[in-house]
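Working notes, structure below.
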Amino acid sequence: MVQSITTNIKTVCLTAFAMLALGTTSCQKPVPQGDYAIDIDTRYQQNEGWGVSLCWWANMCGRYDEQHVDSLINWLVSPEGLNYNIFRYNIGGGDDPKWRHCEEHHMGKGKGLRAEMEGFQDKRGGEYHWDRDQAQLRILQMIKQKRPDAIFEAFSNSAPYWMTYSGCVGGNTPATEDNLRPEYYEDFAHYLVDVCKHIKEEYGIEFSTLDPFNEPVTDYWYCSGSQEGCHFSTSAQIDFIKVLYPILKESGLKTVISASDETSVAQSTIDLRAYVEAGVIDMVGQWNTHTYQGNAEEKKELSQLVDSIGIHFWQSETGDGGRGIHGNLRMAQRLIEDVRCLKAAAWVDWQYVEVGSDQWSLVLADREWKQYTRHRNYYVRSHFSRFIPVGYTFVESSDPNSLAAVSPDGKQLVYVTLNAENEDTRFTVNVPESAKLAACYRTSETLTVAPSNDVVTERGIITMPMPALSIATLIFNIK
C-alpha cells in the first residue's frame with residue numbers, strides 16, 4: 001500500500017479510507033492467560049513523552065509560596081517523580097467583567113473559580129494586558145527552569161467574550177451552535193499568535209504547537225457554563241484554520257497548528273477526513289485527540305488514518321472517574337489501550353492537582369488549596385512515565401494489559417503490566433534469553449513503587465505473581 005501512494009495527500013487519505021478495515025494491531029491480539037510474550041523486534045512508535053495540561057490547577061498552585069511551588073514542580077518533572085516533559089498552556093479568553101450576558105462567576109458552580117481564566121485583550125484593537133494570568137505563567141516558567149527539554153503546547157478553550165455570539169466564554173445558546181463570530185476569525189487568530197509571540201519574547205518559551213480548539217464538536221459549552229468552551233462545527237474549524245495558518249506562518253514563530261482536540265476518537269476521525277477533503281491538512285502540523293470517548297476499534301481506525309497521512313500525532317487529554325485504586329487502575333488500562341491502539345507519540349493527562357478527587361488528578365489539594373499530597377494515582381502513573389522515558393520505543397507485548405518498550409541503545413527492556421481484578425493471579429511471560437531481570441517495582445493499595453523480588457526467571461521465561469489490584473514494572477538489561 002505504501003508503494004502505491006503518490007505525492008497527493010488527498011489521494012493518500014482516500015486510499016487509506018478503503019484500507020481501514022484491513023490489518024490488525026497489537027491492541028487486538030487476544031491471548032490465553034498465562035501465555036504471554038514480548039517481541040523486541042516488532043517495534044511501534046517512539047515515545048515523545050508524557051504530559052499534562054496546566055489549566056486549571058496552575059491558576060491556583062501558581063499562587064503558592066516558593067517552597068510549595070518548588071515541591072509540586074519537582075514531583076511533576078523530576079526523573080524520580082512523574083518525569084513528565086509535555087505541558088499544555090491554556091490561553092484564556094476571559095469573561096465579561098461586568099457579566100452583562102451571563103451569570104456572575106458562573107464557573108464557580110462547576111469547576112470552581114480556578115477555571116476563571118483571564119484574557120489578555122478587552123476589545124477589538126485594544127491593548128494587551130500582559131500583567132494577567134501570572135499564576136499559570138509562573139508555573140510555566142518554573143517547569144522550563146527545572147525541565148529545559150520540556151515541550152510546550154498552547155491551546156484555547158474559548159475566544160474572548162467580545163468575539164462571541166453569546167457574550168460569554170462559557171459557550172453559546174444553544175450549546176450546539178458555534179460561538180465565535182466569523183467576522184472575528186482574524187481577530188482571534190491574531191490574539192492567539194500574539195500571546196504565543198509575547199511568551200516567547202518575555203519568557204524565552206516557544207510553543208511547539210498551537211491548538212485553537214478544545215472538544216469543539218460537542219454540546220458541552222453553553223452560556224453561563226462551568227468552564228470556558230467554544231463550539232466549532234467541523235466546517236467552521238476548517239474555515240478558521242485557513243485564517244490562522246498564514247498569520248501564524250508570518251509571525252516568525254516555529255510554532256505549528258495542532259488540531260482538533262475532539263473528546264471523541266470517532267469524531268476526531270470524522271474531522272481528520274474532512275480536513276483532508278477540504279485541502280487544509282497540510283496547514284496542520286500535528287493531530288491531537290482526546291480519549292474520553294473511544295473504543296479499541298475506533299482508536300485503531302484513527303491510528304491507521306493518521307499513519308497513512310504521515311502527520312505527527314498526540315493523545316492530548318484524557319481522564320476518568322471511579323473510586324480508589326480500582327479507578328486508578330482503570331485509568332491505567334485506558335493509558336495502555338491508548339498507547340497500544342492509537343500509537344500516538346505522546347500521552348497527556350488532563351489534571352495534575354485537584355480538590356476532593358483521587359481520580360481526576362495525581363495530587364490532592366484541600367478545599368482551601370493550601371495543603372496537598374500525592375495519592376495512589378500518582379504512583380500508578382509513575383510506573384509508565386518514570387520507567388518509559390522519552391526516546392524509548394514501544395515493542396510488541398501479547399499481554400493486553402501491558403506495555404513493553406526498549407531504550408534507544410537497545411540495552412534495556414521495560415515491561416509494565418497490571419492486575420485490575422480483586423483476586424491474585426500468576427502468569428508466565430517469554431522474554432529474550434539475553435534479557436536479565438534487573439529490578440521489579442510494584443504499586444498496590446499498600447505499596448507505592450516498592451521494590452519486589454518475587455519474580456522468577458529461567459531461560460527466557462519469567463514467572464510473575466500479580467497481587468489483586470496492583471501494577472508492576474519490570475526492568476531488564478539486554479546483553
Side-chain angles (χ1 to χ4, degrees), residues 51-66 68-73 75-76 82 84 87-97 99 102-120 129 131-143 152-161 168-171 195 199 214-215 220-230 261 263 290 292 316-321 348-375 377-378:
V52 70
S53 295
L54 298 188
C55 72
W56 299 288
W57 66 270
N59 194 29
M60 293 299 298
C61 298
R63 307 168 197 267
Y64 288 166
D65 61 51
E66 196 73 17
H68 287 88
V69 174
D70 189 72
S71 176
L72 276 174
I73 303 305
W75 290 353
L76 179 61
L82 278 173
Y84 277 12
F87 305 95
R88 304 184 74 227
Y89 171 80
N90 177 222
I91 299 177
D95 226 336
D96 181 356
W99 314 101
C102 50
E103 297 175 25
E104 186 173 353
H105 297 298
H106 53 88
M107 293 173 196
K109 66 186 180 183
K111 309 299 181 182
L113 295 182
R114 64 189 183 279
E116 276 190 4
M117 300 302 297
E118 292 182 304
F120 294 105
H129 300 275
D131 58 329
R132 296 176 180 173
D133 196 31
Q134 288 304 301
Q136 188 182 195
L137 286 168
R138 182 185 179 204
I139 295 293
L140 190 73
Q141 293 173 75
M142 289 201 68
I143 289 172
F152 296 100
E153 176 170 74
F155 76 102
S156 167
N157 287 324
S158 174
Y161 75 94
C168 174
V169 295
V195 173
I199 290 176
N214 176 59
E215 302 179 354
Y220 301 163
W221 320 126
Y222 56 93
C223 186
S224 294
S226 61
Q227 70 169 79
E228 290 192 356
C230 189
D261 247 35
T263 190
H290 298 180
Y292 292 106
S316 55
E317 183 186 309
T318 196
D320 201 3
V348 181
D349 259 313
W350 161 230
Q351 200 76 182
Y352 176 48
V353 186
E354 184 58 278
V355 173
S357 173
D358 65 351
Q359 305 296 312
W360 289 92
S361 67
L362 308 174
V363 172
L364 192 62
D366 63 13
R367 296 289 177 184
E368 289 73 36
W369 286 85
K370 293 180 179 179
Q371 301 294 326
Y372 51 87
T373 183
R374 290 172 286 191
H375 58 77
N377 214 16
Y378 177 98

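Nothing fancy with the numbering, it's 1 onward along the sequence.
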Any idea which heavy atoms bring D261 and H290 closest together, and the distance? OD2-NE2, 3.0 Å
Starting at NE2 of H106, measure out to CG of D95 and round the result to the nearest 0.5 Å. 3.5 Å
Between Y84 (side chain) and D349 (backbone), is there a donor-acceptor pair under 3.5 Å? no
Nearest 0.5 angstrom please: D131 CG to L137 CG, how far? 10.5 Å
Rounded to the nearest 0.5 Å, what's the gap from CE on M142 to CG on L76? Could you check? 11.0 Å
Do you know the tightest heavy-atom contact between D133 and N90? OD2-O, 4.3 Å
Shortest non-hydrogen pair, S224 vs C168, comes out as N-SG, 3.3 Å
Does some side-chain heavy atom of V169 sit less than 4.5 Å from a side-chain heavy atom of M107? yes
pair M60-V353: side-chain heavy atoms closer than 4.5 Å: no
Y161 versus P97: any side-chain heavy-atom pair under 4.5 Å? yes
Does some side-chain heavy atom of S71 sit less than 4.5 Å from a side-chain heavy atom of Y64? no
So, the side chain of W221 versus the backbone of E215: is there a donor-acceptor pair under 3.5 Å, distance only? yes
Is there a side-chain contact between I199 and F152, using heavy atoms and a 4.5 Å cut-off? no
d(Q371 CD, L364 CG) to nearest 0.5 Å is 11.5 Å
Separation between CD of Q136 and CD of Q134, rounded to the nearest 0.5 Å: 11.0 Å
What are the two closest heavy atoms between D366 and V355, and how far apart are they? O-CG2, 3.6 Å
Note, L54 side chain near I143 side chain (heavy atom, < 4.5 Å): yes
Would you verify whether the NZ or CZ of R63 falls within 45 degrees of the ring axis of W369 while also being under 6.0 Å from that six-membered ring's centre? no
Taking Q351 for its side chain and C55 for its backbone only, find out whether a donor-acceptor pair lies under 3.5 Å. yes
Judged by modelled atom types alone, do N377 and D358 share a side-chain donor-acceptor pair under 3.5 Å? no
Can you name the nearest heavy-atom pair linking L362 to Y378, along with the distance? O-CB, 3.2 Å
Give me the atom names and distance for the closest heavy-atom approach of G110 to S226. CA-CB, 3.6 Å
Of the options W56, Y292, W360, which is the one that meets W350 in a ring-ring contact (aromatic ring centres under 6.0 Å, His included)? W56
Keeping E228 on the side-chain end and G94 on the backbone end, is there a donor-acceptor pair under 3.5 Å? yes
Taking the six-membered ring for Trp, are Y372 and W57 closer than 6.0 Å centroid to centroid? no
If only atom types and distance count, is the side chain of R132 paired as donor or acceptor with the main-chain N or O of G119 below 3.5 Å? yes
Say you draw a straight line from OG of S53 to OH of Y352; how long is it, rounded to the nearest 0.5 Å? 14.5 Å
Quick one, S158 and M117 - any side-chain contact, counting heavy atoms below 4.5 Å? no
Step by step, work out the side chain to side chain contact (heavy atoms under 4.5 Å, CB included) result for N214 and E317. CA-CA 10 Å; N214 176 59; E317 183 186 309; 4.0 Å; yes
Are Y220 and Q227 side-chain neighbours, meaning at least one heavy-atom pair lies under 4.5 Å? no
